[in-house]
Protein chains: 2
Amino acid sequence: MATIHDVAREAGVSIATVSRSLNGAARVNPETRRRVIETAEALNFRPNLAARGLATGKLGNVGVLLPDVSNPFFGPIVAGIAQVAQERRFGMFLADSREDPSVEPELVARLSQQVDGLILIASRLEDDDVRVFAQRRPTVLVNRLVDGVDGVAIDAAQGMDDLLTHLARMGHTSVLYLDGPAASRSGRAKRAGLTAAADRLGVDLRIAGPHAPTFAGGRAAAQKVVDSGRTAVIGFDDLIAWGLLTRVREMGVDVPGRLSIAGFDDSLDEGMVTPGLTTIAARSGSMGTIAAEMLERRLADVTLPPASELLRSTLVVRGSTGPVESTREAARAIG
Amino acid sequence: MATIHDVAREAGVSIATVSRSLNGAARVNPETRRRVIETAEALNFRPNLAARGLATGKLGNVGVLLPDVSNPFFGPIVAGIAQVAQERRFGMFLADSREDPSVEPELVARLSQQVDGLILIASRLEDDDVRVFAQRRPTVLVNRLVDGVDGVAIDAAQGMDDLLTHLARMGHTSVLYLDGPAASRSGRAKRAGLTAAADRLGVDLRIAGPHAPTFAGGRAAAQKVVDSGRTAVIGFDDLIAWGLLTRVREMGVDVPGRLSIAGFDDSLDEGMVTPGLTTIAARSGSMGTIAAEMLERRLADVTLPPASELLRSTLVVRGSTGPVESTREAARAIG
DNA sequence: ATGAAAGCGCTAACAC
DNA sequence: GTGTTAGCGCTTTCAT
């Protein structure tokens, strides 16, 4: 691999001039610069990033921490970050905590060393730890908000409120919520939104969990749901709701006739599940690009006031929810 | 951030001794070592990886290139790599080509600078390019094999052979194959396996494509499939097959009565699709860990002969394939 | 406009 | 067993 010295020798200039020519900034004779760039290309010179990092303290990398790369909720977020990073010619480090909050501090610490900024996706760190890390390295939170730290999240409380309101309108007075991972922060927001809405609406809400935020997690909960006798269930995410939906139908339960089911995220494509899943749609995929751009801004100016964005979500009603049976019959009787 | 100098000063030794104490290797007075380690911890010292990388040429990172992080086929592979990397205290760089082969060279070049080894997942680079890169940095290929380069792949040809054989036994004599991305190498192997099997079995095989390897890609192909009049379809992957299956059923086509559908990968969970998808199961998720371990071995000893592993796959017959209707009626008539 | 030289934090001879 | 020192490849004053 050619070094800056090789280029300098070949172009007949000093290494300082090579550095200047390549990095644009300082003033260099245009002719000299042209020659340097030419020979650099001829030698297929690539600046050693470690050396540059050592000299400048800027590594040109962003670090991403998430609970599970193979969770379809996170994939698009990572893809968004990757895209922005590539455009800005940043490298992307990835660490996967495998849903184990206890390894996060170590992973973050290790990441921090090789990156200029951090993007923590659905981190389960304590607020204080987040602040500590954010102090060391510019940090953006995804799907989690902490005072004083940049972040973008879906307004899960509002979404759940909309969802429960919808169910209440359909006559559901006793609803079950299948919670996700215990440590999930978005889970907290969801529970908060649900309980507040339940109080307001006079709905009897029961929370069950934790459950793995997966298709299998939803299926495993089916028996419990059926036994609960509730007329409507809300899942922590679409995957849980989907698994539940398929399993209860196999058990002969009519959806939405006997049981209304709703999810969260709108992560399923049209046609993946029948009947279509009522859910809360949020542009979760866009959180990746938003976070990356926030980080870029922060990197450019550390003194900026903390920014945070709460993405509004919208209720999407599909076939998996409907009026409670008695209501429906009553309506039929009246009609 | 504390440096090695701070630790040295605090512990009353030279920086060399600190380095030795922390890196284990050389002989250091146990008592001294203990003291150094203690003060290092007290100062929360973390060696600067860029500096170490500069000095040793070893970065302690692996680089991963793939076509699309959000494709569920790749997620588990990345997760496997991430896990092994974490155990070995390696960092993981990720680059996403977004299914665009033309950006791969640039991405690999950039990755190479910050990693000790490369894992190229489903790379669409030319064989020669792969060899060139592999020469610069230890490289392991995933789901792609190139002579002289370490790699692990699923034996797609064999899998497709098994699948077509199964269909032929069910009486299908005219089969359609929905191909995936044009540049996909595993796609080549699949086509090769299919055409060879078709010749041997006397099956009339038509290849259509390319198609996006997604659920939506499968749905988009539905009309074309129905119009083709074929009695059986094989999808490039389960996602395509799944999308197709849901769409044709919406169109009123009986599966497998009227149309048999099969996929590849066995990536869908039990219950996600009805009827269950006949497919080829391969431990694709394990390719991640296998690749990471291969890379580890290669990193430890560059002189090792190239290793390559071809994972056998197995046919999984579920409800989406069945005998052609005429055969079935004939059987009924006889029985 | 360009060159010389001092580091960035660490490792690895090489001395003692 | 421990200290000294010369780099690793680059950026960045400071001279000129």
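We name chains A, B, ... by the order of the sequence lines, and we start the count at 1 in each one.
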To the nearest 10°, let me know how far the axis at one end of the helix from C/dA1-D/dT16 to C/dC16-D/dG1 is tilted from the axis at the other, five pairs an end. 40°

Regarding the side chain of A/Ala16, the nearest nucleotide among C/dT2, C/dA5, D/dT2 is C/dA5

Measure from CD1 on A/Ile15 to P on D/dT12 and round the result to the nearest Å. 13 Å

Write out a two-atom table: protein N or O, nucleotide N or O from nucleotides 14-16 of chain C, distance below 3.5 Å.
none

Who pairs with A/Glu309 by side-chain contact (heavy atoms from CB on, under 4.5 Å), at least two apart in sequence or on another chain? A/Val152, A/Ile290, A/Met294, A/Leu311

Give the rounded distance in Å between these two atoms: NE2 of B/His5 and P of C/dC8. 8 Å

For the pair made of CE in A/Met1 and P in D/dG9, what is the distance, rounded to whole Å? 11 Å

Please determine if A/Glu10 and A/Arg35 form a salt bridge, counting it only when a charged side-chain N lies under 4.0 Å from a carboxylate O. no

Could you tell me which residues satisfy side-chain contact (heavy atoms from CB on, under 4.5 Å) with A/Val132, sequence neighbours excluded, listed by chain and number? A/Arg136

List in chain and number order the residues that pass ring-ring contact (aromatic ring centres under 6.0 Å, His included) with B/Phe90, two or more places apart in sequence or in another chain; answer none if no residue qualifies. none

Taking only the side-chain nitrogens and oxygens of B/Ser19, find out if one of them lies under 4.0 Å from OP1 or OP2 of C/dA12. no

All side-chain hydrogen bond (donor to acceptor under 3.5 Å, both in side chains) counterparts of A/Thr32, not counting sequence neighbours: none

Please report, rounded to the nearest Å, how far the C1' atom of C/dC10 is from the CD atom of A/Gln114. 14 Å

Side-chain N,O (B/Thr17) to OP1/OP2 (D/dG3) below 4.0 Å: yes

Residues 53-61 of chain B side chain polar contacts: donor-acceptor under 3.5 Å, at least two apart:
from    : atom 1 : to      : atom 2 : distance (Å)
B/Thr56 : OG1    : B/Arg52 : O      : 2.8
B/Thr56 : OG1    : B/Lys58 : N      : 3.0
B/Thr56 : OG1    : B/Lys58 : O      : 3.2

Round to the nearest Å and state the distance from B/Asp116 atom CG to D/dC8 atom C1'. 15 Å

Quick note, ring-ring contact (aromatic ring centres under 6.0 Å, His included) partners involving residues 94-135 of chain A, not counting sequence neighbours, are none

Are the charged groups of A/Arg34 and A/Glu38 less than 4.0 angstrom apart, N to O? yes

Taking A/Arg144 first and then A/Asp127, would you say they form a salt bridge - that is, a charged N and a carboxylate O separated by under 4.0 Å? yes

From the options C/dG3, C/dA1, D/dT4, select the nucleotide whose nearest atom is closest to the side chain of B/Ser14. D/dT4

Can you name the residues that form a ring-ring contact (aromatic ring centres under 6.0 Å, His included) with B/Phe74, not counting sequence neighbours? none

Close residues, residues 39-58 of chain B, relative to DNA chain D [heavy-atom separation under 4.0 Å]: B/Leu54, B/Ala55

Residues forming a side-chain hydrogen bond (donor to acceptor under 3.5 Å, both in side chains) with B/Arg124, sequence neighbours excluded: B/Glu99

Protein-nucleotide distance (B/Leu59, atom CG; C/dT11, atom P), rounded to Å: 13 Å

Look at B/Thr3 and C/dG9 and indicate whether a side-chain polar atom (N or O) is within less than 4.0 Å of OP1 or OP2. no

Contacts of B/Ser97 that satisfy side-chain hydrogen bond (donor to acceptor under 3.5 Å, both in side chains) - sequence neighbours left out: none

Whole Å only: how far is the CG atom of A/Asp6 from the C1' atom of D/dC10? 13 Å

Tell me the interatomic distance from A/Ile4, atom CD1, to D/dC10, atom P, rounded to whole angstroms. 5 Å

